[in-house]
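Here's the structure, in structure tokens; my notes come after.
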Protein chains: 2
Amino acid sequence: MESIRIVIADDHSLIRQGIKSIICQDQGMEVVGEAADGLELLQLLQGREADMVIMDITMPGMNGIEAMGRIRELYPDMLLLILTMHSNRQYFYHSIAAGAHGYLMKEDSDTELLNAIRTVCEGKTYVSPQLSQEVTDEMIAAFRDRQRVPLVRLTEREKQVLQMVVKGYTSKKMAEILCLSPRTIDHHRASLLKKFGMKSTVDLVKHVLRNSIVVPE
Amino acid sequence: MESIRIVIADDHSLIRQGIKSIICQDQGMEVVGEAADGLELLQLLQGREADMVIMDITMPGMNGIEAMGRIRELYPDMLLLILTMHSNRQYFYHSIAAGAHGYLMKEDSDTELLNAIRTVCEGKTYVSPQLSQEVTDEMIAAFRDRQRVPLVRLTEREKQVLQMVVKGYTSKKMAEILCLSPRTIDHHRASLLKKFGMKSTVDLVKHVLRNSIVVPE
DNA sequence: AAAACAATTGGGGGAATTACCTATTTTTGA
DNA sequence: TCAAAAATAGGTAATTCCCCCAATTGTTTT
């Protein structure tokens, strides 16, 4: 059982020291390098063999998100753990999209850091409980918002047409399917726009999809 | 400062006893009634004054989700805390949709119960950390699935135009904003349709939204 | 029974989008 | 440095979308 070789990237040397001292307490892991920004980190990785990078998002020069992208290309097996003070969910989403395996907050406890490292090493994803809570809260808020959308009463034809509009059909195609004049379809489409208070088909489709008024497929 | 009056609904008397004993340890809250199913709970609420209901989802007769719906109608200010052994996310989503203010797991610690009660009383939403983690993991999985969508490389202009197409702008409006000829906008729109293999704007918008290629708003 | 209303069916016209061309200038990558 | 790609823009035709309006049918209200 070899120990986990970790590289730390953070523009504050104090933070790097802190992380190092916590990691050193555990026999199963060691710090094999330090960098102050993304570019330095990439240079460091060329020389050293490492299993995991613990990095901040906001760094001068090349930021963490960009550096992660490069690392994913050059070393696909590298484990990436974000350790940041940003509870901003956008940062989190971007990190996940960029391929992060874990997202930890600097406010989290020391044991959480060791937890996160071990979890990520097992191939699982680690998310700071704090942020996890926020993501859930955001989901709940979106869920409740949906319940509040004013109810619009649609006729049978309008429902049929709306379904097909969302599928991307043209009025002509719908007219063929329903054996009607394209003009009739146009009328129903106009009604739909008016009833939902939308000014274009794009807005209509976005609205009904976001509010689950029609189910895609 | 009056104490929080709580009614417990669970079909297992043992669970009810457990909840009661935990709540009794806190001076700020008291149990003012117990019920073994949804119907019993509704009858109970007619007589007693209460601030909060702590209830399970699966109960004989009327289940928790249904009971919650009725309670929301009859007593809109009643606080609803779900305490269940189900980590199933569907139960969670249904509970939130039915108007639950908190969702706690029976596996959570005693102090979590007291935490949850206090959090809900403050008007906030409480979600069991365990479940919160699951919801986040599910979101990450969905996020990563989306990343698997074949990568389409867009130019800067195309990104700008796509952003505005999703906003529902017409080519003319986009041309004004970007100080370009509408023809140029049309060209970029055609490129976008071709690159993504879509045949209409509606399909394009659906595709990029579903796959988070652009972020709405 | 007459009036009012909603749903469905259409037409005409103008604006917007798409398709299929061409062409110049600038930027970028190998 | 040389070729490819991107950004710019024009032309034309076909299609599609969005707005005005009107006729028909059935239901509900007065």
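Just so we're on the same page: letters track the sequence lines, and every chain starts at 1.
The side chain to side chain donor-acceptor pair (under 3.5 Å) check on A/Ser13 picks up nothing, with sequence neighbours excluded. Under the side chain to side chain contact (heavy atoms under 4.5 Å, CB included) criterion, A/Gln43 pairs with no residue at all, not counting sequence neighbours. Here A/Glu30 pairs with A/Ser3 under the side chain to side chain donor-acceptor pair (under 3.5 Å) rule; sequence neighbours left out.
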Under 3.5 Å, which N/O atoms of the protein pair with N/O atoms of nucleotides 25-28 of chain D?
none

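B/Arg48 places none of its side-chain heavy atoms less than 4.5 Å from the side chain of B/Val7. Contact check for B/Val127 versus A/Ile140: side-chain heavy atoms found under the 4.5 Å cut-off.
A heavy atom lying under 4.0 Å from DNA chain C marks the following residues of residues 177-191 of chain A, by number: A/Leu180, A/Ser181, A/Arg183, A/Thr184, A/His187, A/His188. Listed by residue number, the members of residues 192-200 of chain A with any heavy atom below 4.0 angstrom from DNA chain C form an empty set.
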In residues 73-83 of chain B, what donor-acceptor pairs under 3.5 Å come from side-chain atoms, sequence neighbours left out?
none

Which donor-acceptor pairs under 3.5 Å do the side chains of residues 51-67 of chain B make with protein atoms, sequence neighbours left out?
from	atom 1	to	atom 2	distance (Å)
B/Asp51	OD1	B/Arg5	NH2	3.0
B/Asp51	OD2	B/Arg5	N	2.7
B/Asp51	OD2	B/Arg5	NE	3.1
B/Asp56	OD1	B/Thr84	OG1	2.9
B/Asp56	OD2	B/Lys106	NZ	3.2
B/Thr58	OG1	B/His86	NE2	3.2
B/Asn63	OD1	B/Ile65	N	2.9
B/Asn63	OD1	B/Glu66	N	2.9

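Distance, B/Leu154 CG to D/dA5 C1': 14 Å, rounded to whole Å. A/Tyr169 has its OH atom 19 Å from the C1' atom of D/dT15, to the nearest Å.
Residue A/Glu158 is classed as having no contact, given no heavy-atom separation below 4.0 Å to the nucleic acid.
Applying the salt bridge (Lys or Arg N to Asp or Glu O under 4.0 Å) test to pairs two or more places apart or on separate chains, none has a residue in residues 179-190 of chain A. The list of ring pair (Phe, Tyr, Trp, His ring centres under 6.0 Å) pairs with a residue in residues 171-201 of chain A, not counting sequence neighbours, reads A/Phe196-A/His207. Among pairs with a residue in residues 114-139 of chain A, those fulfilling salt bridge (Lys or Arg N to Asp or Glu O under 4.0 Å) read A/Asp26-A/Arg118, A/Arg89-A/Glu134, A/Arg89-A/Glu138, A/Glu122-A/Lys124, at least two apart in sequence or across chains.
With a cutoff of under 4.0 Å to any heavy atom of chain A, the contacted region of DNA chain C is bounded 5' to 3' by C/dA7 to C/dG13.
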